2 protein chains.
Amino acid sequence: MGYTPNRIAQGLARRKSGALGLVVPDIESMFYGKIVRYVDDFASRSDYQLILAISNDRQETEQKIIRKFLAQQVEGIIITPVNGPVQNLAFYQELQRQKVPFAFLSSYYAQGIAPCVMADLRQGTQLLTGHLLAQGCRNIYFLTGLPDVTTTLLRVEGFRQALSGRQPGFSDRQLLSCSRVDYADGYDQTIKLLRSGQPADAILAINDEMALGALNAANCLGIRVPDQLAIAGCDNVLFSSTAFIPITTLDQNIAEMCRVMVNCLDEIISQPEKRPGPGDIMPVRLIEPVLIVRNSSQRRI
Amino acid sequence: MGYTPNRIAQGLARRKSGALGLVVPDIESMFYGKIVRYVDDFASRSDYQLILAISNDRQETEQKIIRKFLAQQVEGIIITPVNGPVQNLAFYQELQRQKVPFAFLSSYYAQGIAPCVMADLRQGTQLLTGHLLAQGCRNIYFLTGLPDVTTTLLRVEGFRQALSGRQPGFSDRQLLSCSRVDYADGYDQTIKLLRSGQPADAILAINDEMALGALNAANCLGIRVPDQLAIAGCDNVLFSSTAFIPITTLDQNIAEMCRVMVNCLDEIISQPEKRPGPGDIMPVRLIEPVLIVRNSSQRRI
DNA sequence: TTGAAAGCGTTACCAA
DNA sequence: TTGGTAACGCTTTCAA
């Protein structure tokens with residue numbers, strides 16, 4: 001009859017807020033947009049209220065946010081790590097010691113600190129690179145992120161594995177590391193590469209924005225895609241499918257990733273006795289990515 | 001010394017949660033992504049905690065979310081209306097009667113129910129249309145949203161005003177209304193239009209995704225942009241600047257919009273005695289948009 | 001200035 | 001089963 005209980009008082013009495021905290025580095029990127037969308041989706045299905053906060057890709061901010069979450073009595077925290085080297089690992093180790101229910105999504109700062117759910121980027125990059133090799137590409141350049149970031153390491157490992165035993169094999173020269181990993185980075189690095197006179201016949205980018213930048217750069221210089229230069233991206237967001245030459249990419253299956261994440265955290269929350277602490281096994285659950293082949297890499301050899 | 005107050009208990013005792021609720025129809029779109037980003041930004045600056053919820057473009061969900069917000073004792077609610085006709089106006093009128101601090105952002109369901117901050121879409125569309133006319137276009141087609149949505153009405157009004165007194169003047173035939181207003185809608189409608197044999201020399205779309213769809217459709221049919229067909233979009237998100245022919249668009253100045261919104265709501269919250277109710281003036285604050293001219297509309301006549 | 005006590009709106013427990 | 005009461009962790013008020 002029109003009565004709604006006060007959730008705040010409920011929270012106090014029950015000692016649980018029914019809230020889940022999610023930190024993302026950036027909300028304007030389509031990749032994180034999808035993450036927010038699906039985490040919200042699965043969180044509400046499990047009757048959690050989602051509290052979103054944006055770290056602006058700064059770990060200092062991320063940690064401030066986590067402290068706020070804790071003060072707010074969130075029942076669990078999902079951390080989508082910033083794209084940078086780990087700053088203050090001790091902070092997360094302290095969370096672990098206090099048995100705070102938290103987990104990493106899409107990447108991790110260090111293994112064993114907390115459970116993690118992410119795409120199998122090593123295997124995914126191997127798939128993409130393998131596809132480019134199968135198209136006859138022999139000089140593949142890889143537009144990556146900063147070298148000391150987890151996702152970069154995993155991807156480079158996949159790249160290297162795919163090239164191992166090939167002629168020519170892997171060389172560091174093929175790695176072009178970008179700090180902002182955005183459209184402009186992809187465009188600029190590609191222009192620089194193509195003008196340098198190096199024998200590039202393929203560019204693999206770690207996200208679709210950068211791949212689109214590469215495509216436009218090639219187009220500007222009059223280089224034909226895919227015949228002179230094959231291009232592939234990653235994430236399968238709108239940028240790859242709506243390019244004037246649709247871009248080959250990798251679908252990380254974000255929906256599944258978020259489903260597994262929320263379930264995993266939910267389990268940790270509801271079984272306080274089994275809550276993992278230092279010394280316990282903290283699984284990294286890898287979600288299988290799917291290769292999406294489009295025109296940007298299909299050469300008619 | 002390591003002590004953090006329990007915000008829930010604080011909330012109960014102080015009778016204020018320090019939280020602001022924000023509902024958006026969709027988080028994967030870059031337009032709403034920007035809105036979330038800036039509302040979060042300004043809300044945190046004013047020491048509010050942002051609670052985000054996604055209505056999935058359904059008003060029923062939106063209303064469920066608002067009820068939850070209320071139970072959670074949020075101090076104010078920002079509603080970014082769904083892209084559809086108003087379903088249950090009585091719900092919002094009830095909020096008004098109860099003097100709930102809430103406001104509309106980027107559109108409104110009806111004037112006078114709550115304050116609103118949004119871009120001046122009428123003037124913006126007039127600017128865009130005027131620009132296309134100045135480029136010599138005489139048969140401009142307008143890819144709009146559903147006809148009974150506030151933003152569509154305002155835009156069509158601007159379109160009509162810009163064309164009034166011209167030869168040929170405004171005709172309903174020039175309005176192509178789209179329900180999903182996404183890339184595929186833009187692409188499909190443009191293909192249909194260009195194949196119909198109608199003498200189109202310009203397409204104006206209500207967002208950049210649709211404009212990109214129009215550009216790609218024209219490209220597929222071998223129609224040269226901008227000389228045979230000029231194209232313009234709206235919102236100035238990444239889709240327009242990264243198209244292989246950069247697309248003319250309208251910047252809605254979302255940052256400013258969100259700043260004004262948060263300040264406005266903050267004022268309403270902090271002055272409970274002046275809280276507006278039925279019969280009070282509820283201003284619609286219009287933010288001035290900026291025309292961004294790019295290649296897709298610059299004809300060399 | 002300091003400290004003790006009374007709420008805030010619920011839930012949970014225990015006695016009847 | 002049903003009430004009545006303590007407790008949740010903090011703020012606020014009022015008296016000392």
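Side-chain atoms are counted along with the backbone in the values below, which use heavy atoms only and exclude waters and symmetry mates. Chain identifiers are assigned alphabetically (A, B, ...) following the order of the sequence lines, protein sequences preceding nucleic acid strands; residue numbering begins at 1 within each chain. Treat the numbers as computed from the prediction; the structure is a model and nothing was measured.
Within the model, atoms CZ of B:F69 and NZ of B:K64 stand 13.5 Å from one another, a figure rounded to the nearest 0.5 Å.
At whole-Å resolution of the value, CZ in B:R7 and P in C:dC8 are 21 Å apart. C:dT10 atom P lies 19 Å from atom CD of B:Q10, rounded to whole Å. Computed from coordinates, the A:I8 CD1 to D:dT11 P distance equals 13 Å when rounded to whole Å.
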Only pairs under 3.5 Å count here: list side-chain donor-acceptor contacts from residues 71-78 of chain B, not counting sequence neighbours, and write none if there are none.
from: B:E75; atom 1: OE2; to: B:S17; atom 2: N; distance (Å): 3.3
from: B:E75; atom 1: OE2; to: B:G18; atom 2: N; distance (Å): 2.4

Can I get a per-line list of side-chain donor-acceptor pairs under 3.5 Å for residues 253-265 of chain B, giving both atom names and the distance, sequence neighbours left out?
from: B:N253; atom 1: OD1; to: B:E256; atom 2: N; distance (Å): 3.4
from: B:E256; atom 1: OE1; to: B:R259; atom 2: NE; distance (Å): 3.0
from: B:E256; atom 1: OE1; to: B:R259; atom 2: NH2; distance (Å): 3.4
from: B:E256; atom 1: OE2; to: B:R259; atom 2: NH2; distance (Å): 3.0

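Each end of the helix from C:dT1-D:dA16 to C:dA16-D:dT1 gets its own axis from five base pairs, and the two axes differ in direction by 50°, given to 10 degrees.
Under a cut-off of 6.0 angstrom, the local environment of CZ in A:R285 is sparse, with at most 12 non-hydrogen atoms contributed by other residues, nucleotides or ligands.
Counting only residues at least two apart or on different chains, the salt bridge (Lys or Arg N to Asp or Glu O under 4.0 Å) pairs with a member in residues 22-38 of chain B are A:E28-B:R37, A:R37-B:E28.
Under 4.0 angstrom from either OP1 or OP2 of C:dG9 there lies no side-chain N or O belonging to A:Y3.
Between A:Y109 and A:F104, the ring planes are perpendicular. Angles over 60° get that label, and only those under 30° would be called parallel.
Judged as a salt bridge (charged side-chain N to carboxylate O under 4.0 Å, His left out), and not counting sequence neighbours, A:R15 has no contacts.
Closest to the A:A9 side chain, of the nucleotides C:dG9, C:dT11, D:dC10, is C:dG9.
Without hydrogens or angle criteria, B:Q252 side chain to B:P289 main chain gives no donor-acceptor distance under 3.5 Å.
For DNA chain D, the neighbouring residues in residues 12-20 of chain A, judged by any heavy atom under 4.0 Å, are A:L12, A:A13, A:R15.
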